[in-house]
Amino acid sequence: MPNKTQPIFHQVLSDGLASISIFIEPQTAQTKPVLGASHQGAVNTYIHTVSDHLITVMGEVPMPTVQQIAQSIKAPTK
């Protein structure tokens, strides 16, 4: 991705009608995200952090859906 020094994980989930994108990227000192919920038209987005990673979930689905998916992502256990 442009302007990124680390790889970003991207997963697309779809039921054939709606799709959801999940982005997971390492959070760096330069990363200054606006955390929380937002929307543009029919696309809802929810951003939060888990451990030292930034989680972004977006899609043309209800806001509670993107929030639930984002909040269900946990840091791996060691």
Side-chain angles (χ1 to χ4, degrees):
M1 298 206 53
N3 303 324
K4 299 291 181 175
T5 59
Q6 299 284 330
I8 297 174
F9 172 83
H10 178 222
Q11 175 105 34
V12 178
L13 306 173
S14 178
D15 64 1
L17 295 174
S19 62
I20 297 168
S21 286
I22 302 168
F23 298 91
I24 302 174
E25 64 182 293
Q27 193 167 6
T28 65
Q30 294 83 14
T31 308
K32 302 226 185 309
V34 177
L35 301 177
S38 65
H39 70 91
Q40 184 171 8
V43 177
N44 287 306
T45 303
Y46 187 79
I47 302 171
H48 83 121
T49 58
V50 172
S51 186
D52 57 349
H53 286 78
L54 186 64
I55 311 296
T56 303
V57 179
M58 60 190 316
E60 291 183 352
V61 295
M63 182 60 74
T65 303
V66 293
Q67 287 177 323
Q68 183 177 16
I69 292 169
Q71 292 172 351
S72 72
I73 297 172
K74 306 294 181 205
T77 57
K78 295 181 180 184

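Side-chain atoms are counted along with the backbone in the values below, which use heavy atoms only and exclude waters and symmetry mates.
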Given Leu35 and Leu54, is the side chain to side chain contact (heavy atoms under 4.5 Å, CB included) satisfied, shown in steps? CA-CA 9 Å; Leu35 301 177; Leu54 186 64; 4.0 Å; yes

When rounded to the nearest 0.5 angstrom, what is the spacing between OH in Tyr46 and CD in Gln71? 4.0 Å

For the OG atom of Ser14 and the CD atom of Glu60, what is their distance to the nearest 0.5 Å? 10.5 Å

Linked, directly or transitively: [X] and [Y] (ILVMFWY side chains, under 4.5 Å):
X: Leu13; Y: Phe9; result: yes
X: Ile55; Y: Ile69; result: yes
X: Met58; Y: Ile8; result: yes
X: Met63; Y: Val57; result: yes
X: Ile24; Y: Ile20; result: yes

What pair of heavy atoms forms the shortest contact from His10 to Ser21, and how long is it? NE2-OG, 3.2 Å

Contact summary for Val12 and Ser19, nearest pair of heavy atoms: CG1-CB, 4.3 Å

With a 4.5 Å cut-off on side-chain heavy atoms, are [Y] and [X] touching?
X: Val61; Y: Asn44; result: no
X: Ile73; Y: Ile22; result: yes
X: Val34; Y: Ile47; result: no

Report the C-alpha distance between Thr56 and Thr45 in whole Å, list the side-chain angles of each, state the deciding distance to 0.1 Å, and finish with yes or no for side chain to side chain contact (heavy atoms under 4.5 Å, CB included). CA-CA 7 Å; Thr56 303; Thr45 303; 3.9 Å; yes

Is the backbone N or O of His53 less than 3.5 Å from a side-chain atom of Thr49, with the two atoms forming a donor-acceptor pair by type? no

